[in-house]
Amino acid sequence: MTADGATILIVEDEPPIRRLLRTTLAAHDYRILEAGTGAEALQAMRHHRPDLVLLDLGLPDRDGLELIGDIRKLAPVPIVVLSGRGDESAKVAALDSGADDYVTKPFGAEELMARLRAALRHRLQQQGADRSFSSGMLKVDLVRRLVERGGEAVKLSPKEYDILEQLAIHAGKVLTHRHLLREVWRDEAVDPQYLRVYIRQLRQKIETDPASPQHVLTEPGVGYRLV
Ligand code: CA
């Protein structure tokens, strides 16, 4: 999918990073709105309808997580967070607060564009209720609850399917351990070790080489992503 002139609201207080974001996004035909503070971000949200918000978590006037909640109250817009390297707990907190994804600073243009495309596509899919996922050898039919690898049916246990279903519904997006425990086990307090066991089993069944997965990717300290 191309950008199709989607409008991105950049919320970032550091001028050099903002300039870099502006240049990168403009080169990919995105339209750009800018804010340097949380107050400016909310102001921009009230006066425009951005298709996506790119949000730096470290702003001078507002707590980034609170700001995610405030933006969410105004519009169901996808939010991609910019965060520092190694700050896994901040990423998890942002995802659990309603952010769609994150990009770690310093970021590469390719990675940034891939994350933005995935977040925009995911929102379109939710609106159009795309009921299947297909990539390489893997096919997931979410209506008939069928999984195929290279044209052959794959038999999954109910839990394995439920995990894959969540990943497929949110394809391209990282899902936190908490999200998966809540949706699959209906209990966030379940030991994440169970999740790791089921992910391992799932990879045995759907990956060509389970030791180096191409579909179900681990985001260390955060969760899993289907690509
Ligand atoms: Ca900052």
Side-chain angles (χ1 to χ4, degrees), residues 3-123 170 172-179 217-225 227:
D4 284 334
T7 302
I8 312 278
L9 171 59
I10 300 171
V11 188
E12 168 63 76
D13 59 318
E14 287 163 68
I17 298 179
R18 211 155 116 187
R19 200 175 316 120
L20 174 63
L21 289 169
R22 190 195 307 135
T23 314
T24 310
L25 294 181
H28 288 80
D29 295 329
Y30 287 101
R31 278 182 290 210
I32 296 153
L33 299 166
E34 291 182 47
T37 64
E40 284 177 21
L42 292 175
Q43 176 94 344
M45 286 298 301
R46 291 196 186 93
H47 290 92
H48 304 278
R49 287 178 178 275
D51 298 299
L52 184 146
V53 179
L54 193 51
L55 176 68
D56 172 32
L57 282 183
L59 293 171
D61 65 329
R62 287 296 303 273
D63 173 70
L65 297 181
E66 278 177 28
L67 188 58
I68 291 172
D70 289 344
I71 292 172
R72 275 272 161 275
K73 281 178 208 150
L74 292 173
V77 63
I79 300 172
V80 175
V81 157
L82 293 166
S83 70
R85 187 165 295 284
D87 204 354
E88 265 60 44
S89 58
K91 292 170 190 167
V92 172
L95 293 167
D96 284 335
S97 296
D100 290 67
D101 210 336
Y102 59 81
V103 176
T104 306
K105 293 183 198 176
F107 48 82
E110 289 300 313
E111 188 201 357
L112 175 67
M113 290 306 133
R115 293 285 179 271
L116 297 186
R117 274 196 305 274
L120 288 166
R121 194 187 313 123
H122 179 238
R123 201 47 56 121
H170 304 284
K173 214 184 120 167
V174 62
L175 298 185
T176 62
H177 300 131
R178 198 164 138 194
H179 174 112
L217 306 187
T218 301
E219 296 286 330
V222 180
Y224 299 94
R225 186 195 300 274
V227 294

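Counting starts at 1 for both ligands and their atoms, in listed order.
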Quick one: side chains of residues 5-15, donor-acceptor pairs under 3.5 Å with protein atoms, not counting sequence neighbours, listed by atom name and distance.
{"from": "Glu12", "atom 1": "OE1", "to": "Lys105", "atom 2": "NZ", "distance (Å)": "3.1"}
{"from": "Glu12", "atom 1": "OE2", "to": "Glu14", "atom 2": "N", "distance (Å)": "3.0"}

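Every residue two or more places apart in sequence or in another chain that forms a ring pair (Phe, Tyr, Trp, His ring centres under 6.0 Å) with Tyr224 is listed here: His177.
Because the distance cut-off is set at 3.0 Å, Asp56 qualifies as a neighbour of the Ca ion (ligand 1) through one of its N, O or S atoms. Residue side and main chain included, Gly58 places an N/O/S atom under 3.0 Å of the Ca ion (ligand 1).
Take the N/O/S atoms of Asp13: the one nearest the Ca ion (ligand 1) is OD1.
Here the CZ atom belonging to Phe107 is positioned 6.0 Å from the OG1 atom belonging to Thr24, to the nearest 0.5 angstrom.
Within the 3.5 Å criterion, the main-chain N or O of Gly98 finds a donor-acceptor partner in the side chain of Arg72.
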